[in-house]
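One structure below.
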Amino acid sequence: MGETEGTVERTYRRLKEMAASYEFKPDSRLNESELAKRLDTSRTPLREALNRLVAEGFLTFRSGKGFFCRSLKPAEIMDLYEARAAIECEAASLAALRADPKDIAALEEFLESSKPDYKPGTSPVELVRLDEEFHTRVTALSGNSEMVRMLGNMNGRIHFVRLIDLKTLCEKNGPDVVTTEPHKRILDAVKQRDSEAARAEMAKHIERRLESITENVRNAFAELYTP
């Protein structure tokens, strides 16, 4: 990787983190000069990275006005959750038909080793990271690399809202409400080669949070704008 390519990649990764966590406020315009200075890069690599993030849905571009952070609206978050559910349910079904037994065993080991982290005191950031890793690995068991790529994109775009969702859930019902049990049921169905059960368990696991999206977006705004 050449120096310019390396700069673009470094700038892209940092900007993606900032966009995923809404370090740029929703719908706010990005100041390219300030960003170039802050990220210690020139305008060309910055512009390349910004365009890449527009293509991936993390930012938007308005002709004659520049780059903007994406919106944070319940309808848009719902679209992402529904798309994620469609991909993950199909991936779980395919995983039951296609997964290599060694890869299933490795995921069982990961699930067992992460179990002690699902306890009071573990940060929501770490719990969301563990959850995303499990879901990514189940999707990888399908053998479909496009599904893995699309899921990665969607996870990045709903990451902040999922973090707020988990925090809200723990505050309401206590930290013990978050367990590895739903993941275990999904993986058991995959292991038993029951594609319909795998699909059903995944749907149940993802869709139970859909009714909370409006509340979570409201809480996300409070988190972003409360001093």
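Since we're looking at a predicted model, the values are computed, not measured. Residue numbers count from 1 along this sequence.
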Check against salt bridge (Lys or Arg N to Asp or Glu O under 4.0 Å), Arg162 and Asp131: CA-CA 10 Å; Arg162 291 203 62 227; Asp131 184 76; 2.5 Å; yes

Derivation of the side chain to side chain contact (heavy atoms under 4.5 Å, CB included) call for Lys191 and Glu108: CA-CA 10 Å; Lys191 190 177 180 180; Glu108 277 187 306; 3.0 Å; yes

Glu32 vs Lys37, salt bridge (Lys or Arg N to Asp or Glu O under 4.0 Å): CA-CA, chis, key distance, verdict: CA-CA 9 Å; Glu32 289 182 56; Lys37 207 174 291 181; over 6 Å; no

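Other residues, nucleotides and ligands contribute more than 12 heavy atoms inside 6.0 Å of the CG atom of Asp100. For Arg193, the CZ atom counts as densely surrounded, since its 6.0 Å shell holds more than 12 non-hydrogen atoms of other residues, nucleotides or ligands. At most 12 non-hydrogen atoms from other residues, nucleotides or ligands lie less than 6.0 angstrom from CD of Glu109.
The backbone N or O of Phe110 sits nowhere less than 3.5 Å from a side-chain atom of Arg137 that would complete a donor-acceptor pair. Of the possible polar contacts, none joining the Tyr22 side chain to the Val161 backbone as a donor-acceptor pair under 3.5 Å is found.
Across all their heavy atoms, Leu224 and Ser21 have their closest contact at CD2-O, 4.2 Å.
Taking the ring centre of Phe68 as origin, the terminal cationic atom of Arg62 falls inside the region bounded by 6.0 Å and 45° from the ring axis. Because its NZ or CZ atom is not both nearer than 6.0 Å to the ring centre of Phe58 and within 45° of the ring axis, Arg52 does not count as a cation-pi partner of that residue. Figure legend: Arg29 and Phe67 shown without cation-pi pairing, the cationic atom not lying both under 6.0 angstrom from the six-membered ring centre and within 45 degrees of its axis.
In this model, no donor atom of one side chain and acceptor atom of the other lie less than 3.5 Å apart for Arg47 and Asn51. For the residue pair Glu56/Tyr12, the side-chain donor-acceptor check at 3.5 Å is satisfied. In summary, the side chains of Asp117 and Thr122 do not present any donor paired with an acceptor at a separation below 3.5 Å, with no hydrogens or angles considered.
Among Glu181, Glu88, His135, Arg185, the one residue that satisfies the side chain to side chain donor-acceptor pair (under 3.5 Å) test with His205 is His135.
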